[in-house]
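Reviewing the structure listed below.
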Amino acid sequence: GAGVSQSPSNKVTEKGKDVELRCDPISGHTALYWYRQSLGQGLEFLIYFQGNSAPDKSGLPSDRFSAERTGGSVSTLTIQRTQQEDSAVYLCASSLALGPNTEAFFGQGTRLTVV
Amino acid sequence: GDSVTQMEGPVTLSEEAFLTINCTYTATGYPSLFWYVQYPGEGLQLLLKATKADDKGSNKGFEATYRKETTSFHLEKGSVQVSDSAVYFCALSDGSYIPTFGRGTSLIVHP
């Protein structure tokens with residue numbers, strides 16, 4: 001497809017389980033972002049990948065969260081030992097990152113519910 | 001650090017009413033400013049942007065002007081439609097290239 005694709009679209013998991021969320025960015029986009037959207041909290045930055053540079057992990061809320069990007073394309077966000085406060089919509093975006101005025105293109109998100 | 005503050009929602013209007021959604025920002029440099037829109041069941045998409053002071057971004061009847069003196073980027077539309085019902089996010093991006101978003105403002109337009 002032409003847009004950013006995320007899977008699964010919905011995920012229900014039990015507290016304490018690990019989950020993996022996947023993001024397929026737009027082909028050719030060097031920058032990839034993960035955000036978390038909680039009710040009433042807006043978009044919280046999690047992690048940023050740019051080309052072959054080391055990722056900016058400054059937004060990850062705890063060491064239970066990690067992400068990787070293989071071959072400069074697909075990215076996986078992993079949450080270990082999930083907690084109820086991890087319930088949110090996880091958004092992935094990609095861009096050409098040509099400058100600070102470059103548009104970010106978003107996927108439809110993965111809605112994670114921890115029960 | 002950088003931050004974006006938007007007016008609390010929901011904003012509820014009748015069709016053809018005038019819309020203003022306030023947005024102010026804090027940034028150390030001269031950021032680019034954006035409005036993104038999230039329609040029900042869809043991902044965020046860019047609505048408009050402005051890259052320097054006094055620039056006006058516009059799209060689909062929406063406008064916003066980059067006001068450096070008041071650090072604001074208010075979104076306006078002269079006559080809203082039911083189809084404009086969505087959540088609107090103000091955002092900025094500076095040299096870090098990582099967009100910072102506001103909390104979003106829900107707009108509900110009644111026929």
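Residue numbers start from 1 in every chain, and the chains themselves are labelled A, B, ... in the order their sequence lines are given, proteins ahead of strands.
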- prompt: Can you tell me if OH on Tyr30(B) sees more than 12 non-hydrogen neighbours from other groups inside 6.0 Å?
  reply: no
- line: Across all chains, not counting sequence neighbours, the ring pair (Phe, Tyr, Trp, His ring centres under 6.0 Å) partners of Phe89(B) are none
query: For chain A, which of Gly104(B), Gly43(B), Gly102(B) has the most heavy-atom pairs under 4.5 Å?
result: Gly43(B)
statement: To the nearest 0.5 Å, atom CD1 of Ile98(B) lies from atom OH of Tyr48(A) at 6.5 Å
- prompt: So do the side chains of Leu43(A) and Leu44(B) get within less than 4.5 Å of each other, counting heavy atoms only?
  reply: yes
Atom pair CD/CG of Gln38(B) and Leu91(A) - distance to nearest 0.5 Å: 6.5 Å
field: Inter-chain contacts: residues 102-115 of chain A against chain B, heavy atoms under 4.5 Å
entry: Thr102(A), Glu103(A), Ala104(A), Phe106(A), Gly107(A), Gln108(A)
query: In Å, rounded to the nearest 0.5 Å, how long is the span from CG of Asn101(A) to CG of Leu92(B)?
result: 13.0 Å
query: Do Trp35(B) and Phe101(B) sit in the same hydrophobic cluster, where Ile, Leu, Val, Met, Phe, Trp and Tyr count as joined when their side-chain heavy atoms come under 4.5 Å apart?
result: no
- prompt: Which bit of Gln37(A) is near chain B, if near means a heavy-atom gap under 4.5 Å: side chain, backbone, both or neither?
  reply: side chain
In residues 22-35 of chain A, what donor-acceptor pairs under 3.5 Å come from side-chain atoms, sequence neighbours left out?
unit_1	atom_1	unit_2	atom_2	d
Arg22(A)	NE	Asp24(A)	OD2	2.9
Arg22(A)	NH2	Asp24(A)	OD1	3.3
Arg22(A)	NH2	Asp24(A)	OD2	3.3
His29(A)	ND1	Ser94(A)	OG	2.8
His29(A)	ND1	Ser95(A)	N	3.3
Thr30(A)	OG1	Gln50(A)	OE1	3.4
Thr30(A)	OG1	Gln50(A)	NE2	3.2
Thr30(A)	OG1	Leu96(A)	O	3.4
Tyr33(A)	OH	Ser95(A)	OG	3.4
Tyr33(A)	OH	Tyr97(B)	O	2.9
Trp34(A)	NE1	Ser75(A)	OG	2.9
Tyr35(A)	OH	Pro99(B)	O	2.6

query: By number, which residues in residues 1-10 of chain B have some heavy atom less than 4.5 Å away from chain A?
result: none
message: Would a single hydrophobic cluster contain both Leu75(B) and Val87(B), if residues Ile, Leu, Val, Met, Phe, Trp and Tyr are joined by side-chain heavy-atom contacts under 4.5 Å?
response: no
query: Counting only heavy atoms not in Glu14(A), do more than 12 sit closer than 6.0 Å to its CD atom?
result: no
field: Co-membership, hydrophobic cluster, residues Phe73(B) and Val37(B), 4.5 Å side-chain
entry: yes
- prompt: More than 12 foreign heavy atoms under 6.0 Å from CD of Glu16(B): is that the case here?
  reply: no
- prompt: Honestly curious: do Tyr88(B) and Tyr36(B) fall in one hydrophobic cluster under the side-chain, below-4.5 Å linking rule?
  reply: no
- request: Please answer: with hydrophobic residues joined when any side-chain heavy atoms are less than 4.5 Å apart, are Leu60(A) and Leu21(A) in the same cluster?
  value: yes
